[in-house]
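In what follows, a single structure is set out as structure tokens and then discussed.
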Amino acid sequence: MVKMKQPLLLLSIAAITFFLNACTGLVPIQFSKPVFPEANIRMSKNGIISLPGLDLKVVPRNEDYPFILIGYIVPIIPIPSFLISPDRPQFEILLVLDPKGEDFALDPGSIVLQIPGKPAIPPVGFKRGPGAFTSEDGGILLSLGKPPGVSCNVDSHSNTVPIPVSPIPVLERTCFLLTFNIRSPLPKKEFTLFIDGVTKAGQPFPIPPIHFKKGWTLKFDFGVPI
């Protein structure tokens, strides 16, 4: 019985030593999160807004990584490493519309971005394709909160389409990648998106203005030596 315990003990010690020499990283992520002053608007924890006959989600693409702390679990020596945030000369916002069997349409030209101190900004172009409300982020061991995400099945290498003069039918879950001709604001900059131009069975379908303010989360990664 003692002979059997000894290999298990050695295996346990080897496993602990293996994982205690893993490389770790702690990354704070800042992003713009939607907020609603109106108490009657239902929004899930992952940012899905529920309206009569329609679910929608809006995700600005302006996440920022101020720094990262990296080091070894043993010894615990975090090393600051400043990251370079992506250069975004144009501001992109993902909009996913999910109609519940209703006859919806969207006029992208009626959507307006309002940043304090600046005139109202309409989109200059867009892409569209099938979409989903969440996108998986592989390799993450621990996420203390999660920035809102969507997956948008559009060709990243294709050119944006000019804003059409007539509404676009939305008969199934669809993602619109809206492009605004301004540099992406940092998450600390508050702004409001007015999604006008949505119709249901040919009638105007009002959507309350969506205000965005800074949100943040922490992600923890680790890797083991191979």
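These numbers were taken from a predicted model, which means no experiment stands behind them.
Contact check for Lys214 versus Lys33: no side-chain heavy atoms found under the 4.5 Å cut-off. Between Ile182 and Leu113, some side-chain heavy-atom pair lies under the 4.5 Å cut-off. For the pair Asp55/Arg173, no side-chain contact is recorded, criterion being any heavy-atom separation below 4.5 Å from C-beta on. When side chains are defined from C-beta on, Leu193 counts as touching Phe212, because their heavy atoms get closer than 4.5 Å. Using a 4.5 Å heavy-atom threshold, the side chains of Ile29 and Asp64 count as separate. Val124 places none of its side-chain heavy atoms less than 4.5 Å from the side chain of Leu178.
Here the CD1 atom belonging to Ile163 is positioned 7.5 Å from the CD1 atom belonging to Ile168, to the nearest 0.5 angstrom. For the atom pair CD1 of Ile207 and CD1 of Ile49, the computed distance is 8.0 Å after rounding to the nearest 0.5 Å. For the atom pair Phe205 CZ and Phe104 CZ, the distance stands at 4.0 Å (nearest 0.5 Å). The structure places CD of Gln30 at 11.5 Å from CD of Glu63, a figure rounded to the nearest 0.5 Å. One finds the OG atom of Ser184 at 9.0 Å from the CD atom of Gln90 (value rounded to the nearest 0.5 Å). One finds the NZ atom of Lys189 at 7.0 Å from the NZ atom of Lys118 (value rounded to the nearest 0.5 Å).
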*Please test Val96 against Phe176 for side chain to side chain contact (heavy atoms under 4.5 Å, CB included), starting from the C-alpha separation and ending with a verdict.*
CA-CA 6 Å; Val96 175; Phe176 292 86; over 6 Å; no
*Do Leu94 and Val58 pass the side chain to side chain contact (heavy atoms under 4.5 Å, CB included) test, and can you show the C-alpha distance, the side-chain angles, and the key distance before you say yes or no?*
CA-CA 6 Å; Leu94 289 166; Val58 183; over 6 Å; no
*Passes side chain to side chain contact (heavy atoms under 4.5 Å, CB included), Leu106 versus Leu97? Steps please.*
CA-CA 9 Å; Leu106 171 67; Leu97 300 176; 3.9 Å; yes
*asked:* The test is side chain to side chain contact (heavy atoms under 4.5 Å, CB included); show your working for Ile115 and Thr192 and say whether it passes.
replied: CA-CA 7 Å; Ile115 298 177; Thr192 303; over 6 Å; no
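With sequence neighbours excluded, the residues satisfying side-chain contact (heavy atoms from CB on, under 4.5 Å) with Val161 are Phe126.
When all heavy atoms are compared, the tightest approach of Ala105 to Pro167 is CB-CB, 4.0 Å. Contact record, Glu190 with His211: OE1-NE2, 2.9 Å, taken as the closest heavy-atom pair. When all heavy atoms are compared, the tightest approach of Pro123 to Pro108 is CG-O, 3.3 Å. Residues Pro99 and Val170 share a closest heavy-atom pair of CG-O, 3.5 Å. Shortest non-hydrogen contact noted between Ile210 and Leu56 is CD1-CD1, 4.2 Å.
When the side chains of ILVMFWY residues are joined at heavy-atom separations under 4.5 Å, either directly or via intervening members, Val112 and Ile93 end up in two distinct hydrophobic clusters. By the criterion of side-chain heavy atoms lying less than 4.5 angstrom apart, applied directly or through intervening Ile, Leu, Val, Met, Phe, Trp or Tyr residues, Ile111 is grouped together with Ile121 in one hydrophobic cluster. Leu95 and Met43 fall within a single hydrophobic cluster, where Ile, Leu, Val, Met, Phe, Trp and Tyr side chains are chained together by heavy-atom contacts under 4.5 Å.
Aromatic ring orientation, Phe191 versus Phe91: perpendicular (interplanar angle above 60°, classes split at 30° and 60°).
A salt bridge links Lys100 with Asp98: at least one charged nitrogen is closer than 4.0 Å to a carboxylate oxygen.
With a 6.0 Å radius and a threshold of 12 heavy atoms from other residues, nucleotides or ligands, Gln114 has its CD atom above the threshold.
At least one donor-acceptor pair closer than 3.5 Å links the side chain of Thr174 to the backbone N or O of Glu172.
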